[in-house]
Structures are given as C-alpha cells and as structure tokens.
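Structure, as structure tokens:
Just so we're clear, the structure is a prediction, and the values are computed from it rather than from any experiment.
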Amino acid sequence: MSDKIQTLSGYIYEYQKSVQDPEGFWARIADSFYWRKRWDKVLDWDFEKPEIKWFLNAQLNITENLLERHLFTLGDKPAIVWEPNDPNEPGVTLTYKQLHQKVCQFANVLLAQGIKKGDRVIIYMPMVPEAAIAMLACARVGAVHSVVFAGFSASALADRIVDCQAKMVLTADGNFRGKKTIPVKEVVDEALKKADTIHKVIVLQRTGTTVTMQEGRDLWWHDTIENMSFDHSAESMDAEDMLFILYTSGSTGKPKGVVHTCAGYMVYSQYSFQNVFQYTTDDVYWCTADIGWITGHSYIVYGPLLAGATTLMFEGVPTFPDAGRFWAIVDKYKVNQFYTAPTAIRALQAYGNAPLEPYGLDSLKVIGSVGEPINEEAWHWYHDHVGKGKCPIVDTWWQTETGGILISPLAGITPTKPSYATLPLPGVQLVIVDNDGRELMGNSVEGNLCVKFPWPSMLRTTYGDHERCRSTYFSVYEGMYFTGDGVKRDEDGYYRILGRVDDVINVSGHRMGTAEVENAINEHPKVVESAVVGYPHDIKGQGIHAFVICDMEGRSEASLVTEIKETVTKIIGPIAKPDKIQIVPGLPKTRSGKIMRRILRKVAEGDTTNLGDTSTLLNPEVVEVIKKDAIDLI
C-alpha cells in the first residue's frame, strides 16, 4: 500500500504534485506494478480528436498484477468471499492461490473453444464467483469481455452482442434473486435468434433449471473445465489494448459501448480503491453492486484484487429473507468497508431501525455511497444508524466513462459534508464552466462539470463509433471532457453534484438542481422517494414537475400535495415550489437503481407516445400508470 495517502496534508501535497507534474506523478504510481516492458512515454493526448494514450508501448497483463504479483505473500489469503442468495446455503471462499488456478483453468477453456486475443466475449451471469473468474480469464487470454447485467431483456442482450460482434456468451442456467428463480439461459437463447455471431455458449449450472442445450453450440461449464490444466501463461498485452467494453444507455436509445484499456485502467482502479476506502491488509471489503455495472468491475473485481484485498460478492437482494440481510452479512464476515447505492439506503431506511437492531456492525470502519448523489436525509440515517456515528461516509462521484472514482472524500482524511462528494482525487483536474464554456474561477460557483486533463482510466472511445465518443464527451466544450453533470463548488471548495445538466431546471432565470428540490420534497415525513424534472412553462421558461412516492396512510392526495409544496417552500423558497406534483406508485428505474429521468421528462412535457425502449427497466409496468395519471393531471 505504498501509494496510500495518510493525512489531509498528504492529500494536498499529492494533489499539487499530480497537477504540477502529472506524468511524473502517474509514473511513480505505476512503478509498483509488474510490467513485461516499461513504457516509452507516460502520456500522449489530444482531446480534440479525441485520442488518449497512457504508458505508451508498455507490455503487461492485468491478471499477472492481481494474481501472480500476490501469490508469494498473499497466496493463502481470501481473495473472493461469496455469499449466496439463500443464507442457509454455504458460501465460498477462494484464496489468491485458488483464484489463480481457476482463472488459468478457464483461460485454457477459452483457448480450447477458439477464443483468441481481441475476440469479444459476452458475460451474462449471476453474481457468482465464476462471473469474476470469467472476466479475469478473458483478460488473461487477451479477449475483450463485455459484461451484461443478467436481468436485461433478450432484446437488450442481442443489441450488445450485435454491436460488439461477440463470438461467445458465458452464462448460467438460472439466477436466484430473493424468492425468484430467473431463467437466464432462456433469455440468451431468445437473444441469439437475433444475433448470429456467437459460436459457443458456455453454461454454468447454478439453479438446476431445465434448459435447452443446442448441440454444437452450447456446453456445460463443468464439462469444459474437466481435466483442464491449471497452468497458463498470460497473453502479453499492449498498454492501450482493449480490456473491456461496458454498455451504457444512450439518450438516443442505442447503447454506447464504453471502451477501457489495460494499463491506465489497472493503475487508476487500484490507486483509487486504496485511497478512497483506506483499505488495510486484513480488512474485508464489500461492494453490493452487480458486476454488470462499472462499479462491479472497478470496485468488486479489479481494484480490490489488484490491491491484494479480500472482496465480498453477494448474490442476493438487501431485503431477502428480511430487511436485515445486509447487516447480517456485515456481522457474519466482519466487513470493514461497505459500499452501496443511495437507492438501497433509502429503501432500507423506509423499514425503520428495527431491522438494524439485532446487529452490532462493530467491524465497520468506512461506509460508501455510489450511483447518484445521496440526499441529506439518507446521508444522516446511513451515518447515524449504519455507521453508528463513527464511520466516515465516502460519497463517491464517477461514471462508466471515467473508469474509477473522480471525486470523493478519502475515508477518515477528508472532512465530510452531507450531500457533497467533496474533493477530486489526485490526478483529476476539474473545471467548472458556464454554458458558453468560460471557466468559473474561485469558490461559491455553479455550472457545468468538466475535466481539463486526462486521467489514466478514462474512456478511449465508444466501440465502433468514435465520432459518437467525440460528439458526446469532447465537442461541447473545447479542449475538455464534459461529464454531462452540473456542479456546485461551495465556499470551502467542496463539490456537490447537482445531477445531469439536463436535470438542472431554469425557473424564471434561477438555476436549480433537481437533486436539491428532491432533497426538500423528501424531507416530508410521508414521502418515500421523489424525482423532479423540468417542463416547458409559458411564463417561467421551465416549470417543475415532481413525481412522488408517498405513504398515503391517514392523508388525502390533495392534502399531501399541499403539504409537500409547503415543505419545499420552507426549505428552498417559493421559487422551487413544484408546479405539478404527481403521486405515483413507483419510479421507472434501470436495474442498477438509477431513475430513468428521460422517460419522466417526456411524460412531463406531454409526449407520452415516444418514450423509447423501456424493456430494460426494472419496472416497465409503472410507466403505463405514470402516463395515465399524468394525462389526468394535465
């Protein structure tokens, strides 16, 4: 852990060095890794094209850095600890030595089935250790993995297979999720009716679900590894060779294949993991995400394992068999760092404190938040009741495109402030610009969040469509990476993310982040969750439409609407009072828990016939209810 920052003065010193001499700073960090050939040049970049290259002409394999590099000193240490969906089923612990064997074994399977360097492999699997093994085996042979969350529809899966022209799918017969058994292989079969590039499908037996196996194409995982050697020499990769493609939803409906490469991603994911979470040698770290998302890639698999950590994988959901499951797991494994999403925090908060009471949670040292800005009420509940008032909250901001955390407190080092992501990590040069691209200097400013200098784990392109990458991220403000988010830098220099720029509402010349209005709405004791969007308003320019989930017991809808408006007026002021409040049974969410605001904006604007693809939503049925109620509201 030689690159771990220990104090706030240490952070300031490191940050200044990283800005004054970025190449020297990252070269020093990179020196702790194993390179088959060192780089000729640290960085070559041009944001106009865009073209970014880190550690030029270096040769490496990322799996040697997370396996062989640790075998001598950490070989018998738990690498992956797996907790199954059913608490009565035994878990699995894989040491670094065992993980190395299994990754090498499955790398040999891939080679035996015709996969070679540069081929794309789709991973559509439950949260089981084999999913991580599959990722690492791909990386070891030089294949490009593209993990698709095993809850996406057949249509969404087919789109991704076709876009990257994948040759193989790694999947399972089914998936346990709470009380449900989900037929995963069936979805793959349906997707492959629309995608003809797949040569082989390897199926893990997880649930015992009856599946159809197509002769010549489909193979059982356990059959492929039988008698397969544990010896494998990793493929030598160029620093800028593709490591993985991860698809994000695009505003046009067509998913964007975000490309990350080997060396820069490796260096940044370990560095950011070590410093944000302040991981120490014997800690047990748990991120509750799915590996289908970037959080799972960077902070379940790559970052922790590169750092020699023990990383916990959980197959289930936070409310099965009851709302105390997260806390039971924390106590069972003596978890030290716990990283989850505000959506999960708010959902568990709604159950009250009773599910927490049987558990001590004494092992916790750091608690984290990821996926969206955490509202102040949830922050305090998390801090007071989960962290027992003693655990720093690392409220992290980053994106699929950034590859790693860009803004966050360093646990126990950076003084925290509710709803603020606080300060950038070393090497991250933030800039706030107005709508014309002029930099807003100093503190107490608000505008559009950009980054003016490369960091190692940033995206290199969108797969098969470099122009889309340029136009989306690098064309809005000249010479800068545009995050798409609005931000406020307060009097202390702390950053507060205000949400997507198109989620910043301009009411009569006053800019308001939707998160700010939502936080105020959520202060009402009967509000469970809310989402706010702008819509065209004849007088104000934009009006505020709030979609609110409420506990209706003892209240009429009319009285609740009045009370919520009064609450917002009291907390922010009359300018922020919603013009329309729609009580809804649920909010349209992606399977990673993010609210699909694009749909809500369309509804608020009265355009209910052109909502785009809703098949990948966790709850597509709620959209029809919202549409109908919105028409009645109008």
Side-chain angles (χ1 to χ4, degrees), residues 15 19 47-48 50 251 371-376 395-402 405-409 414 417-455 458-459 469-520 531-537 540-544 571-573 575-576 594 597-598 601:
Y15 189 82
V19 172
F47 274 1
E48 298 301 318
S251 57
E372 60 178 302
I374 182 170
N375 56 297
E376 195 163 337
D395 179 3
T396 64
W397 177 86
W398 58 300
Q399 304 170 314
T400 302
E401 294 86 348
T402 71
I405 296 164
L406 294 198
I407 312 175
S408 173
T414 313
K417 186 184 290 189
S419 72
Y420 281 79
T422 69
L423 299 170
L425 267 64
V428 178
Q429 298 189 34
L430 302 179
V431 60
I432 300 177
V433 300
D434 65 15
N435 288 337
D436 296 319
R438 290 186 293 263
E439 183 173 355
L440 302 174
M441 308 296 289
N443 293 337
S444 301
V445 295
E446 188 177 309
N448 305 305
L449 180 62
C450 297
V451 189
K452 63 182 178 182
F453 195 89
W455 64 99
M458 70 186 301
L459 87 162
C469 175
R470 189 199 66 79
S471 62
T472 303
Y473 305 106
F474 296 93
S475 69
V476 181
Y477 300 111
E478 187 178 351
M480 298 180 196
Y481 168 83
F482 177 43
T483 68
D485 278 338
V487 69
K488 173 182 181 180
R489 188 165 58 220
D490 74 359
E491 64 278 4
D492 298 319
Y494 274 20
Y495 289 84
R496 178 177 181 172
I497 305 300
L498 301 176
R500 303 300 293 171
V501 167
D502 49 14
D503 288 337
V504 175
I505 305 170
N506 193 325
V507 181
S508 301
H510 297 269
R511 283 167 53 89
M512 278 175 289
T514 55
E516 190 176 9
V517 181
E518 288 162 8
N519 287 344
V532 165
V533 297
Y535 69 96
H537 192 284
K540 301 177 181 180
Q542 278 191 300
I544 299 174
I571 294 173
I572 303 177
I575 192 68
K594 289 189 177 181
R597 296 172 191 276
R598 169 178 61 82
R601 275 194 296 275

> Looking at side-chain heavy atoms only, is the closest gap between Val451 and Leu430 below 4.5 Å?
Replying inline: yes
> Are any non-hydrogen side-chain atoms of Lys488 and Tyr420 less than 4.5 angstrom apart?
Replying inline: yes
> Below 4.5 Å, heavy atoms only, C-beta onward: do Ile497 and Thr483 meet side chain to side chain?
Replying inline: no
> Taking side chain as C-beta onward, heavy atoms only, is Arg470 less than 4.5 Å from Glu48?
Replying inline: no
> Is there a side-chain contact (heavy atoms from CB on, under 4.5 Å) between Tyr15 and Leu423 once you walk through the steps?
Replying inline: CA-CA 10 Å; Tyr15 189 82; Leu423 299 170; over 6 Å; no
> Within a strict 4.5 Å, meaning less than it, do heavy atoms of the Val19 and Phe453 side chains meet?
Replying inline: no
> Taking only residues two or more places apart in sequence or in another chain, which ones pass side-chain hydrogen bond (donor to acceptor under 3.5 Å, both in side chains) with Tyr473?
Replying inline: Glu401
> Hey, would you say the Tyr481 and Phe474 ring centroids sit under 6.0 Å apart?
Replying inline: yes
> Partners of Glu372 by side-chain hydrogen bond (donor to acceptor under 3.5 Å, both in side chains), sequence neighbours excluded?
Replying inline: Thr343, Arg346
>> Any non-hydrogen side-chain atom of Asn435 less than 4.5 Å from a side-chain atom of Tyr477?
In response: yes
>> Is the shortest side-chain heavy-atom distance between Ser408 and Leu425 below 4.5 Å?
In response: yes
> Can you name the closest pair of heavy atoms from Glu439 and Val433 and give their distance?
Replying inline: CA-CG1, 4.1 Å
